[in-house]
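Atoms considered below: every heavy atom in the structure, side chains included; atoms not considered: hydrogens, waters and symmetry mates. A note on names: the letters A, B, ... follow the listed sequences, proteins ahead of strands, and every chain is numbered from 1.
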Number of protein chains: 2
Amino acid sequence: MTVADDIRAKGMRMTVQRRLVLDALRRARHHITAEEIARSIRASYPQIDPSTVYRNLEALERLGYVTHTHLDDRVTRWRRADSPQHGHLVCRRCGSEEEISMSVLAPLAKRLKGEHGFSADLAHSAVVGLCRECAG
Amino acid sequence: MTVADDIRAKGMRMTVQRRLVLDALRRARHHITAEEIARSIRASYPQIDPSTVYRNLEALERLGYVTHTHLDDRVTRWRRADSPQHGHLVCRRCGSEEEISMSVLAPLAKRLKGEHGFSADLAHSAVVGLCRECAG
DNA sequence: AAGACTATCGCAACTTACCGCAATAGTGTC
DNA sequence: GACACTATTGCGGTAAGTTGCGATAGTCTT
Ligand SMILES: [Mn+2]
Ligand SMILES: [Mn+2]
Ligand SMILES: [Zn+2]
Ligand SMILES: [Zn+2]
């Protein structure tokens, strides 16, 4: 079953704008912001409205095709749900970003599940702190 | 040395607005939003501007008197830096919040320090996921 | 191919947060 | 207490994101 068929099977519609959002996410090599998606779409479809991009990202997230993460305080970043998951370390002083394997975060997830019955999504928010250089 | 003296010693000024922000944080029992602080101040000082509240929170954070955390996606919550630190588990389905001891998060912090030289602030962002009831 | 149904769109207004700027008001000195 | 210095204020504007609404356009049926 194609993505379009799945979307239609759930009573939703495969609009040109929705397909363009999916295409932009497929082209992206890493997490991108909604504004970057909008800009990328405007090259071939100038009339796209930012709210259409936001609403489509939310709809596609509900269907399980995309997810978002938070690297810094303000901006939300999006990626295809089938792209490899990983954590982030972000320095609050110099802004440097480092990707880390989920295996580093797994023991905490396991403990939260065991002690609190909580299924944690530890890739959702970056871990903030001070990098080696900034901590001194 | 009082807070006011410390602020003056650093070349800053103890304005009525700054004192009102500190008072609002002292009255608060738990983390509060900038908007809640502004509303609380407006009761006795209606002309306060939201930007003044934000700027004072940032200034007081630089001085080490307050800190902020992120519980859900968008809202920033503030508290006095001398109030006890703790982590949060937030359910993305039902919105329930649970406080957890920093000792649960400490092993991950230690590992990030050892393997990546990164001094993590694991209380800064809540851990999002699904609570026991919502995970099923 | 045409028609009905309604999900989705573009637009405008709104929200939280941030920033530049001229006016205001704390501060230390006299 | 008055004065000069300048940190901070209130205001207006900007950015990211959300929401209400009337118009548009996918989709299913015939
Ligand atoms: Mn933050
Ligand atoms: Mn989020
Ligand atoms: Zn750094
Ligand atoms: Zn829940």
Side-chain angles (χ1 to χ4, degrees), chain A residues 1-22 24 31-42 44-63 65-78 92 95, chain B residues 1-22 24 31-42 44-63 65-66 68-78 125:
Chain A
M1 199 186 227
T2 71
V3 176
D5 287 341
D6 180 42
I7 285 175
R8 277 189 280 264
K10 290 180 168 120
M12 297 169 61
R13 294 169 187 181
M14 180 51 87
T15 64
V16 300
Q17 295 89 339
R18 183 159 291 165
R19 194 183 310 274
L20 287 166
V21 170
L22 278 167
H31 334 68
I32 52 176
T33 66
E35 190 44 50
E36 287 166 346
I37 293 170
R39 192 167 31 224
S40 146
I41 292 175
R42 262 182 232 117
S44 65
Y45 194 84
Q47 64 267 46
I48 190 91
D49 190 80
S51 67
T52 300
V53 175
Y54 288 114
R55 280 191 279 225
N56 271 306
L57 287 169
E58 287 163 23
L60 293 169
E61 186 171 52
R62 276 194 301 275
L63 294 180
Y65 288 111
V66 309
T67 5
H68 72 267
T69 51
H70 305 278
L71 290 200
D72 52 56
D73 274 13
R74 315 260 310 120
V75 187
T76 302
R77 291 194 144 80
W78 301 82
R92 61 157 50 108
Chain B
M1 197 187 230
T2 70
V3 175
D5 287 341
D6 181 40
I7 284 174
R8 277 188 280 264
K10 289 181 170 118
M12 297 170 61
R13 294 169 186 180
M14 181 50 89
T15 64
V16 299
Q17 294 90 338
R18 184 159 291 166
R19 194 184 309 274
L20 287 166
V21 169
L22 277 167
H31 334 67
I32 52 176
T33 66
E35 189 46 50
E36 287 166 346
I37 294 171
R39 190 166 33 217
S40 147
I41 292 176
R42 261 183 232 116
S44 63
Y45 194 83
Q47 64 268 45
I48 190 93
D49 190 81
S51 67
T52 300
V53 175
Y54 288 116
R55 280 190 281 226
N56 271 309
L57 288 169
E58 286 163 25
L60 293 169
E61 187 172 53
R62 276 193 301 274
L63 294 180
Y65 287 111
V66 309
H68 73 267
T69 51
H70 306 279
L71 289 201
D72 51 56
D73 271 14
R74 323 226 45 260
V75 187
T76 302
R77 290 194 146 82
W78 301 82
S125 294

Please list, in numerical order, the residues of residues 44-53 of chain A that have a heavy atom closer than 4.0 Å to any atom of DNA chain C.
A/Tyr45, A/Gln47, A/Ile48, A/Asp49, A/Ser51, A/Thr52
To the nearest Å, give me how far apart CZ (B/Arg55) and P (C/dC19) are.
9 Å
Any side-chain heavy-atom pair from A/Ile32 and A/Arg77 closer than 4.5 angstrom?
no
N/O (side chain, A/Tyr54) to phosphate O (OP1/OP2, D/dT18) under 4.0 Å:
no
Rounded to the nearest Å, what distance is computed from the CE atom of residue B/Met12 to the C1' atom of nucleotide D/dC5?
17 Å
Nearest 0.5 Å, please: how far is CD1 in A/Ile37 from CG in A/Leu20?
11.5 Å
At under 4.0 Å between heavy atoms, what does B/Arg8 touch on the DNA or RNA strands: base, sugar-phosphate, or nothing?
sugar-phosphate
Whole-Å distance, B/Gln17 CD to C/dA23 C1', equals 13 Å
Would you say C/dC9 has OP1 or OP2 under 4.0 Å from some side-chain N or O of A/Thr15?
yes
Work out how much the helix from C/dA1-D/dT30 to C/dC30-D/dG1 bends between its end axes, five pairs an end, to the nearest 10 degrees.
20°
Roughly how far, to the nearest 0.5 Å, is OG1 of B/Thr33 from NE2 of B/His68?
13.5 Å
At less than 3.5 Å, do the side-chain atoms of B/Arg19 and the base atoms of C/dG26 form a donor-acceptor pair?
no
Between B/Ala34 and B/Arg13, which is nearer to the 5' end of DNA chain C once each is assigned its nearest nucleotide?
B/Ala34
In Å, rounded to the nearest 0.5 Å, how long is the span from CD1 of A/Ile41 to CD of A/Gln17?
8.5 Å
To the nearest 0.5 Å, what is the distance between NE2 on A/His31 and CG on A/Leu71?
6.0 Å
Roughly how far, to the nearest 0.5 Å, is CZ of B/Arg55 from CD of B/Glu58?
8.5 Å
Between atom CZ in B/Arg18 and atom C1' in C/dA25, what is the gap in whole Å?
13 Å
A/Lys10 side, atom NZ; A/Arg62 side, atom CZ - distance, nearest 0.5 Å:
12.0 Å
